Structure formats: C-alpha cells, structure tokens
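See structure below.
Values in this document were obtained by computation on a predicted structure and should not be read as measured data.
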Amino acid sequence: KTFDEILGRLGADESMPALLRVKALSGMTSKAGALDESTFGLLLKQLGPGASAGIRGEAARMFAKARLSRVQLMNLSEAVAQAGALELPILLDAFYKSRDLQVGERFVDALQMSPGVGNVPPDEIKRMLTRYPPAVLNKAKPLLDRLLAQRAQQAERLAELEASLLKGDLKRGEAVFHSQKTLCAVCHRVGDKGGQVGPDLTRVGRIRTTRDLLESVLYPSSSIARDFETYSIDTHDGESHTGVILRESHSEVEFAVVSGQPMKLARKSIAAIRPSSLSLMPQGLDQAMSKQEFSDLIAFLKSRQ
C-alpha cells in the first residue's frame, strides 16, 4: 500500500477521532485536488460549532488547497458565516478559484455575518471579489465601505495619538506593564516574567513599529495574532466560557480566560466551540492610564529588541 492509501483509510475510519482523521487527510498529496463528498463532509463538519481551534485551521487549509466544485463552494459559504479570525483569511483562497455569480453572491452574504471579517483587510476582499461578475462586488460595497470607514477612523486616531506621545521612561513603562492597573503581565511575558496567554513581548520592539504597538493596545481585536484567537465555549449544562485555547486533545480542551488562569473541560461536556471577533485583551486600555503612563508603556515595549 502507498502512504496515501494508508492515510486515506485513517481519514475514512469513522471510529477514529476527528482530529486524527483530518490530520491524516491533510497529509495526503492527492488531497490537493478535488475532494470527494465523504472527505468534503468531514472537513465541513470540522468548521462547525463543535470543532476545536486546531482542527478548524487544518480543515480550512485543506479547503484552501483543494479544487472545489460549484456546489461545494455554495455549501462552504455556510461555514464562512461562522468563521473566525483564524479560518476566514485561509478560506478566502478557496473562493479565489471561482468566477460563478451565485457562488460570489452566497459568499458575500456569508461574509457579512462572519465574526472574523474585521481581521481581513478590505483591499484583500475587494481584490478577490473583482474576479467575479461585477454584480458580486456591487453587492459587497456596503460591507467594504463599512470596513474601510472603520479602518480610516482607527488610522486617524492612531496618527493623532502617536503625534501626542510624551517622552517615555523605560523604567516607569516596565512598572506600568507589571502593574495592577493594566494587568499586561497577566497574559504577556517579557523575559522570564509574565503570563503566556498572549504573544511573548520580549522582542516586540524589533518586529513592531510604534504605530503597531498603539493599535494592539487601542484596537486589540483588529490585530489578533495567529494562535491567540479567542473562542466562546458552551457546555451541555448551560455554562459559557471565553478564552484562548492553550492545548487540546480528543478528550479535553485547556484554555485560558481573561484572568490568565487556565481551565480544562472534558470534550464530552462541550456543546459548541465558536470563534469570537473580540480579543481577550480589552479594548481601550489606554483609558485606564494617564497620558504619561501610556507613553511610558509604549516606550518600554518599543525598547524590547
């Protein structure tokens, strides 16, 4: 048997955990082409509300690489309506390959409902939709106008704030970072201190401009880093939790909530895992600080080379 045949048998075995089945299918070189209905159905299910973050991303990547039929793209649009910041940018690639009017219109309808749409640059959406008949781009115009207006408003505020920054003090900025006022260190690590719920900021000044840092503080939901997407997790007994998934297996999911503390839930107790459009980091953190404290914090982060 070839390696692809072995992986194909694993992927088709319904007694195996879904994550293992999708991983097996993603390793098949032949799956870069058309998807049979069985494989398509399995992958589509993994983009549903019960799937974990890792498996959603894996399924989205397979859809992006595959040659999907018109009917499959129409059905995939239903998943776009639920797609978060992790999957949506990947799923766009699947729709780049079509020119069908109805596929494009169905995709735009779904895009307007997607919680991850704010994390995709409007220009990228427009570039993709220009490949469809003009009616599709026209249908998307209200959405694109809204997204562009939001970006313009944010850019204007960021420019004003950057111009008004005071001379920052690194020591004071470090104290602000670790203070109870901002709670930055609850989720972020600098050096050997801090949490690991959010991105490590030890060398953030090397890869981020001052404008980037301002955006991450003021509008954290507009620039969610990969692997730190937020999910809402509903349980069968009616509880709901929001957090960043740290680790997962076929038997349990471990995630961190806004306090930075990890929680574990048995997979069998989970009713749904849904992507959230909001970062775990609260928006408008600058309002909790004085102008000098904010300037000190940005100076400290920019110094981390």
Heavy atoms only: give me the nearest Ala83-Ser114 pair and the separation to one decimal.
O-OG, 2.7 Å
Show the nearest heavy-atom pair for residues Pro199 and His188, with the distance to one decimal.
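Of all heavy-atom pairs spanning Pro199 and His188, the closest is O-ND1, 2.9 Å.
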Any side-chain heavy-atom pair of [X] and [Y] under 4.5 Å:
| X | Y | answer |
| --- | --- | --- |
| Ile298 | Phe294 | yes |
| Tyr231 | Val253 | no |
| Ile90 | Phe63 | no |
| Thr242 | Val257 | no |
| Leu73 | Asp100 | no |
| Arg267 | Ile273 | yes |

Using 0.5 Å steps for rounding, measure from the [atom1] atom of [X] to the [atom2] atom of [Y].
| X | Y | atom1 | atom2 | result |
| --- | --- | --- | --- | --- |
| Leu183 | His178 | CG | NE2 | 12.5 Å |
| Leu101 | Lys139 | CG | NZ | 9.5 Å |
| Leu201 | Leu213 | CG | CG | 8.5 Å |

Does Arg247 come within less than 4.0 Å of Glu252, counting only side-chain N to carboxylate O?
no
Does the distance from a Lys or Arg side-chain N to an Asp or Glu carboxylate O, for Lys65 and Asp93, drop under 4.0 Å?
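No, no charged N to carboxylate O under 4.0 Å.
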In chain order, what residues pass the ring pair (Phe, Tyr, Trp, His ring centres under 6.0 Å) check against Phe255, with sequence neighbours excluded?
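Only His241 meet the ring pair (Phe, Tyr, Trp, His ring centres under 6.0 Å) criterion with Phe255.
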Has [X] got a side-chain atom pairing as donor or acceptor with [Y]'s backbone, closer than 3.5 angstrom?
| X | Y | result |
| --- | --- | --- |
| Glu254 | Leu246 | no |
| Glu105 | Gln102 | no |
| Ser295 | Lys291 | yes |
| Lys302 | Thr210 | no |

Do Gln72 and Glu37 have a side chain donor and acceptor closer than 3.5 Å?
yes
Under a plain distance cut-off of 3.5 Å, with no hydrogens placed, do Asp200 and Gln196 share a side-chain donor-acceptor pair?
no
Might you confirm whether atom CD of Gln153 has over 12 heavy atoms from other residues, nucleotides or ligands at distances under 6.0 Å?
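For Gln153, atom CD is not crowded (no more than 12 foreign heavy atoms under 6.0 Å).
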Does atom NZ (Lys193) have a neighbourhood of more than 12 heavy atoms from anything else shown, all under 6.0 Å?
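Not more than 12 within 6.0 Å, no.
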Pairs under 3.5 angstrom only: tabulate donor-acceptor contacts from the side chains of residues 160-169 to other protein residues two or more places apart or in another chain.
from, atom 1, to, atom 2, distance (Å)
Glu162, OE1, Arg211, NE, 2.9
Glu162, OE1, Arg211, NH2, 3.2
Ser164, OG, Glu160, O, 3.3
Ser164, OG, Leu161, O, 3.0
Asp169, OD2, Lys171, N, 3.2
Asp169, OD2, Arg172, N, 2.8

Can you list, pair by pair, the side-chain donor-acceptor contacts under 3.5 Å of residues 141-149, counting residues two or more places apart and other chains?
from, atom 1, to, atom 2, distance (Å)
Lys141, NZ, Asp145, OD2, 2.8

Using atom types as modelled, flag every donor-acceptor pair under 3.5 Å from a side chain in residues 123-137 to any protein atom, sequence neighbours excluded.
from, atom 1, to, atom 2, distance (Å)
Thr130, OG1, Arg127, O, 2.7
Arg131, NE, Tyr96, O, 3.1
Tyr132, OH, Phe95, O, 2.6

Using the test side-chain hydrogen bond (donor to acceptor under 3.5 Å, both in side chains), find all partners of Thr235 that sit at least two apart in sequence or belong to another chain.
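With neighbours one apart ignored, the set is Asp237.
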Listed partners of Arg203 passing side-chain hydrogen bond (donor to acceptor under 3.5 Å, both in side chains), at least two apart:
none
